[in-house]
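Have a look at the structure below before the remarks.
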Amino acid sequence: MPISVDIDVMLARRKMSVGELADRVGITPANLAVLKNGRAKAVRFATLAALCEVLRCQPGDLLRWEAEEAAEAAEAAEAAEAAEAAEAEGADDAVEAADG
């Protein structure tokens, strides 16, 4: 999704738990998790305002737009890096087995 949610960043900066934020904002921890994990389809302005008030931040500190191509490219790069790491680990195991 081209809109990324950075609630985790603000929670870490404020040293606040998800449960505490949910209580102070007045939403369930489950609904906050949906928003935090980027699975929400919408967010009410009242909820966004409450999040900003509790976290003492601006909406732009919590939400950012990413071009879909950039997001897909980043995911593809991460997958490629993981595959290369797995390949390298497999090669190391093969060398160790040959040396063993």
Side-chain angles (χ1 to χ4, degrees):
M1 176 181 288
I3 301 294
S4 296
V5 181
D6 292 327
I7 291 175
D8 283 341
V9 174
M10 293 307 295
L11 282 172
R13 287 182 184 166
R14 303 296 185 245
K15 295 180 173 67
M16 188 181 297
S17 70
V18 172
E20 180 183 351
L21 178 60
D23 285 343
R24 292 177 65 183
V25 170
I27 61 176
T28 66
N31 283 340
L32 182 58
V34 167
L35 179 60
K36 183 174 77 74
N37 295 327
R39 296 189 315 262
K41 299 293 181 195
V43 61
R44 290 188 173 134
F45 283 133
T47 302
L48 183 57
L51 287 166
C52 290
E53 183 178 344
V54 170
L55 293 169
R56 299 179 320 277
C57 67
Q58 295 294 313
D61 296 327
L62 301 177
L63 304 172
R64 69 186 149 79
W65 178 82
E66 293 180 347
E68 274 199 58
E69 295 91 23
E72 290 172 1
E75 289 175 10
E78 287 176 11
E81 287 176 13
E84 288 176 13
E87 258 183 47
E89 195 171 296
D92 289 344
D93 291 344
V95 169
E96 287 177 12
D99 288 344

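Atoms considered below: every heavy atom in the structure, side chains included; atoms not considered: hydrogens, waters and symmetry mates.
- What you find for L11 and L55 is that their closest heavy atoms are CD2-CD2, 4.4 Å.
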For this session: Run the numbers on L51 and L21 for side-chain contact (heavy atoms from CB on, under 4.5 Å), then give the verdict.
Result: CA-CA 8 Å; L51 287 166; L21 178 60; 3.9 Å; yes
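- Remark: N31 engages T28 in a side-chain hydrogen bond (donor to acceptor under 3.5 Å, both in side chains) (not counting sequence neighbours).
- Of the inter-residue distances, the one linking L63 atom CG with S4 atom OG reads 9.0 Å to the nearest 0.5 angstrom.
- Taking CG of D6 as the start and CZ of R13 as the end, the distance is 8.5 Å to the nearest 0.5 Å.
- Atom CD1 of I3 sits about 10.0 Å away from atom CZ of R64, to the nearest 0.5 Å.
- Hydrophobic clustering (ILVMFWY, side-chain heavy atoms < 4.5 Å, transitive): L62 and V9 are in distinct clusters.
- When the side chains of ILVMFWY residues are joined at heavy-atom separations under 4.5 Å, either directly or via intervening members, V34 and V25 end up in two distinct hydrophobic clusters.
- In this structure, the separation between CD1 on I7 and CZ on R14 is 13.0 Å, given to the nearest 0.5 Å.
- Residue Q58 holds its CD atom at 9.5 Å from CE of M10, rounded to the nearest 0.5 Å.
- Nearest heavy atom pair, residue P59 against residue C52, reads N-SG, 3.5 Å.
- Partners of D23 according to the side-chain contact (heavy atoms from CB on, under 4.5 Å) rule, which considers only residues two or more places apart in sequence or in another chain, do not exist here.
- The side-chain hydrogen bond (donor to acceptor under 3.5 Å, both in side chains) test applied to E20 returns R24, not counting sequence neighbours.
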